[in-house]
Amino acid sequence: MALRFGLAVSCVLTAFSTASFGQSFTGATANFAPGDPAGQWTRQARDYANTRYSPLTQINKQNVARLRVAWTFSDGQMYGHEGAPLVVGDTMYLVTPFPNIAYALDLSKPGAPIKWVYQPNPDPRAIGEACCDKVLRGWAFADGKLIYNLLDDNTIALDAITGKEVWRVKLDDVTKGPTLTQAAFVVGNKVYVGSSGGELGTNGWFQALDIKDGHTVWKALTNGPDAGMLIGSDFKPFYSWMIGKDLGETTWPKDMWKQGASAPWGFVSYDPDLNLVYYGTSNPGPRTPSQRPGLNLWSSAVFARDADTGAAKWAYQFTPHDEWDYDGINENVLIEIPWKGARRKVLVHFNRNGFAYTIDRTNGEVLVANPFGHQNWAKEVDLKTGMPVVNDSAHPIVEKKVENICPPDIGVKNWNPSAFSPRTGLLYAGIFNSCMDLTNHIVQYIPGAPYDGMEMQRHAGPGGHWGEFIAWDPVAGKRIWSLKEDMMTWSGVVVTGSDLVFYGTLDGWFRAVDARSGKVLWSQKLGSAIMSQPMTYIGPDKRQYVAVYTGVGGGAGVNRRVPGFPPGGNTLYVFSVDGAGIGAGTSQLRTQAKMPAPVSVPPAATAPAPAAPAHN
């Protein structure tokens, strides 16, 4: 695909002249704690700050065009594949979407054979409750354990060497609507987990588990009275409209907070200096706004909490009284930026509503809030109040079609995480270019059933393309370059120390791009959609590899009628320069597996899955 600078080219020529040869565009940096070995990948974002930056440089601009498949692994499950492989020592860890089977692969032997496999046998009733495919967005390695969530509201820890279950805890009742699709996040002796189910009339929760046995250390609801939300006297939002007692209850009609959704199903970040964890919350419920007048705190928001106690320190609601399903769950990337002569500790958040926020992560002050893609629901975000200025034409009306609201419910960017490079000072993200015609309906709450009310007809935005890939300046709040894609760009991103950015497309193209110029340096067509998170590692042979899962699912059904929409898949592709490594050779290589893979069961043979809106 030819390089297209789009909207960015006219405003960044000066930046290119100084930054295209090795300097930072912005001066932004990050803390890459906990400082894992460069060749390993032990958590979905690689570090606590959610940067997805790897310092590896073996694969570089000079040899990236020689990338070839080194080996592959198919797990047999046909739901959407959204997680990144983990690599610790000579072992790769994978977990499938439902039924959440875990694999350990031996990277020291030809073809990466199976070391062990674990089948958790989750409750099949979870299939009927999952809003938007039976996905899992990641898993974690810590304390000698592989830790991950099951769709049926259990969290489990396995012995990473043997694959034996160490503990398993049930956190909710799946028959009432909540599920678990989030990637577990570990800091020290705590495992952080948040619920899914924003379209099922649940009340979201976020909790910390003890890494030794899984017991709950603390739990915070995302709506309701202050006590249940762990909001006390040290909770200090920056903006006055979020200050007050029991706002998680009083900003809703009577008792509606109990089904107010606000599920925190996205990625978690951690600042070791402030000892704060950061996470976002989903849409309010029901999605029909006229049924729930008020700000609907704390939906579509970001929280900062004390990692040890769970006490809320501050919060910020991106989309007050969310009328369009603009969840606030997208990743919060923690960086430090130069700002008015000083350094500020900030988080950068590409919200579904189309605004990219740079927020002081010590207190919740919004420093920058600019559109990063096409949107027409709001004129701007008022930096003095932190409130968006909504266009009158964007308000939905019950039983009347309101046309061309941009973005639709899936947002300008969904859960698919961005990446940050300290070398360029930029963030890189796959985004969408789409709009919707929206009709709302009055709905009634039934436990375990969809509590929705939105009827959307989605279509491509200006230009007719559905996706883009962008480089973003978080200080100036502007694009540096962009690439248009025919279909949605729904994958995660990884950026490396050699200024390479890897991402994938919904129609199955895996690309490597120059992080400074946006020039596409390599593309490879894979067997299904790329909706997962690419990663890179050093194998036991001291060679750098890049890995990415394929498998269409999740919210990708939005593009199901677009030419090029791919078939299902379940294959991990691992690349190296010239395809060299453990997956090929000039002799009769043999599989040295310790056990077979389980028999794959087609999704239709397990349980029916209802049609659903596109996220969670």
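One-based numbering along the sequence shown.
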How far apart are the C-alpha atoms of F185 and F267, what are their side-chain angles, what is the distance that settles it, and do they pass the ring-ring contact (aromatic ring centres under 6.0 Å, His included) test? CA-CA 8 Å; F185 182 80; F267 293 99; 9.3 Å; no
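Screening residues 332-342 for side chain to side chain donor-acceptor pair (under 3.5 Å), with sequence neighbours left out, gives N332-H349, E336-R361. Pairs engaging residues 229-247 under the salt bridge (Lys or Arg N to Asp or Glu O under 4.0 Å) rule: D234-K313 [sequence neighbours left out]. Among residue pairs with one or both ends in residues 361-392, those qualifying as ring pair (Phe, Tyr, Trp, His ring centres under 6.0 Å) are W324-W377, Y326-W377, F350-F372; sequence neighbours excluded.
Using cut-offs of 30° and 60° on the angle between ring planes, the pair W490 and F432 is tilted. Using cut-offs of 30° and 60° for the angle between ring planes, the Y445 and Y451 rings count as perpendicular.
Take K219 and apply the side-chain contact (heavy atoms from CB on, under 4.5 Å) test, not counting sequence neighbours, and it matches W205, Q207, T216, L221. Taking D226 as the reference, nothing meets the side-chain hydrogen bond (donor to acceptor under 3.5 Å, both in side chains) condition, with sequence neighbours excluded. Qualifying side-chain hydrogen bond (donor to acceptor under 3.5 Å, both in side chains) partners for N353, counting only residues two or more places apart in sequence or in other chains: T319, N351, Y357.
A salt bridge links E331 to K413: one of the charged nitrogens lies within less than 4.0 Å of a carboxylate oxygen. Look at D47 and R52 and you find no salt bridge, because none of the NZ, NE, NH1 or NH2 atoms lies under 4.0 Å from a carboxylate O. Ion pairing between K345 and D271 holds under the 4.0 Å rule for side-chain N and carboxylate O.
With a 6.0 Å cutoff to the six-membered ring centre and a 45° limit on the axis angle, R137 counts as a cation-pi contact of W415.
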